[in-house]
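Here the structure comes first, spelled out in structure tokens, and everything after it is commentary.
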Amino acid sequence: MRNIFSMSNIDKLSYGMDTASVKNNVIAENIANNDTPTYKASKLEFDEVMGDFLGTGKKLPLAQTHAKHFSTGGFSGVPADYVRFQNNPSLRNDGNDVNLDYEMSEMAANSVLFQELSQLTAGAFTKLKTAIQGR
């Protein structure tokens, strides 16, 4: 029998929302530095972060097995080493490699992803509420 009080799915959705939020911050930083000379654009691969978190990636997931163990996360639970340079070829004389069209499309796609994750999270809480109330 499935345990309806298990928070594992909600935890996964929450971590996904945290990851999408950090990705949005990285994209916003790239857009804000569009006119900064020698600025190099950064990226965060959502699939890589979530693959590692879910245990399907190349890294073993760390577990907090005791209440006194330290937390394993970085910024908003997402380790900072996932943010990397894009290494785009720069066509500008000042060395800046931000592609504004690419960044705006990434932000739009990330916004849709975040909205979907938040709707799934709300649905999980609705199911839990229904089970508790017995309706």
Side-chain angles (χ1 to χ4, degrees):
M1 185 170 144
R2 187 173 167 188
N3 184 359
I4 62 170
F5 297 106
S6 172
M7 294 296 285
S8 63
N9 287 338
I10 294 172
D11 289 342
K12 292 171 188 172
L13 290 168
S14 173
Y15 192 82
M17 289 174 64
D18 286 345
T19 303
S21 177
V22 171
K23 182 173 181 170
N24 194 68
N25 291 341
V26 170
I27 295 167
E29 184 175 324
N30 290 342
I31 293 170
N33 285 293
N34 184 45
D35 293 327
T36 304
T38 70
Y39 180 80
K40 301 300 180 194
S42 298
K43 66 179 177 179
L44 182 134
E45 294 292 337
F46 182 85
D47 295 342
E48 179 185 1
V49 174
M50 290 306 295
D52 289 348
F53 177 74
L54 297 172
T56 58
K58 63 184 179 300
K59 297 180 183 177
L60 293 175
L62 298 177
Q64 188 174 357
T65 58
H66 191 274
K68 293 188 178 184
H69 286 173
F70 291 112
S71 173
T72 59
F75 179 72
S76 293
V78 178
D81 62 335
Y82 285 105
V83 178
R84 301 184 183 104
F85 290 115
Q86 289 182 14
N87 295 323
N88 297 330
S90 178
L91 301 176
R92 295 170 43 172
N93 292 333
D94 65 0
N96 185 308
D97 68 350
V98 175
N99 180 339
L100 200 54
D101 292 332
Y102 172 78
E103 299 298 336
M104 294 303 286
S105 67
E106 283 291 302
M107 184 170 273
N110 193 56
S111 295
V112 170
L113 174 65
F114 186 87
Q115 183 177 11
E116 181 65 26
L117 289 170
S118 63
Q119 288 176 352
L120 289 170
T121 303
F125 279 114
T126 299
K127 288 179 186 176
L128 189 58
K129 178 182 175 185
T130 302
I132 291 169
Q133 291 177 341
R135 294 183 194 179

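Source: prediction; values computed, not measured. Quick note: residue numbers are just sequence positions, from 1. Values below: every heavy atom of this structure, side chains too, minus hydrogens, waters and symmetry copies.
- With contacts defined as side-chain heavy-atom distances shorter than 4.5 Å, the pair Asn30/Gln86 qualifies.
- Shortest non-hydrogen contact noted between Asn88 and Ala41 is ND2-CB, 4.4 Å.
- For Glu103, there are no salt bridge (charged side-chain N to carboxylate O under 4.0 Å, His left out) partners two or more places apart in sequence or in a different chain.
- Asn9 CG to Leu128 CG: the interatomic distance, rounded to the nearest 0.5 Å, is 11.5 Å.
- Here the closest heavy-atom approach between residue Ala124 and residue Ile10 is recorded as CB-CG1, 3.8 Å.
- Legend: residues meeting salt bridge (charged side-chain N to carboxylate O under 4.0 Å, His left out) with Glu29, ordered by chain and number and at least two apart, are absent.
- Hydrophobic cluster membership of Tyr102, counting Ile, Leu, Val, Met, Phe, Trp and Tyr whose side-chain heavy atoms lie under 4.5 Å apart directly or via other members: none, as it forms a cluster of its own.
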For a side-chain contact (heavy atoms from CB on, under 4.5 Å) check, start with the C-alpha distance between Met17 and Phe114, then their side-chain angles and the critical distance, and finish with the verdict. CA-CA 6 Å; Met17 289 174 64; Phe114 186 87; 3.7 Å; yes
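- Between atom OG of residue Ser14 and atom CG of residue Asp18 there is a gap of 4.5 Å, rounded to the nearest 0.5 Å.
- Residue pairs satisfying the salt bridge (charged side-chain N to carboxylate O under 4.0 Å, His left out) criterion with at least one member in residues 106-121, sequence neighbours excluded, are listed as follows: Lys23-Glu106.
- Met104 forms part of a hydrophobic cluster together with Ile27, Ile31, Leu100, Met107, judged by ILVMFWY side-chain heavy-atom separations under 4.5 Å.
- Inter-residue side-chain proximity for Tyr82 and Val22 is flagged as unmet; no heavy-atom pair is nearer than 4.5 Å.
- Using modelled atom types, one finds no donor on one side chain facing an acceptor on the other under 3.5 Å when comparing Asp94 with Tyr39.
- Residues satisfying the side-chain contact (heavy atoms from CB on, under 4.5 Å) test with Lys40, not counting sequence neighbours, are Phe85, Asp97.
- Note on residues 125-134: no pairs pass salt bridge (charged side-chain N to carboxylate O under 4.0 Å, His left out), not counting sequence neighbours.
- The side chain to side chain donor-acceptor pair (under 3.5 Å) search around Thr36 returns Asn33, not counting sequence neighbours.
- Every residue two or more places apart in sequence or in another chain that forms a side-chain contact (heavy atoms from CB on, under 4.5 Å) with Leu13 is listed here: Leu117, Leu120, Thr121.
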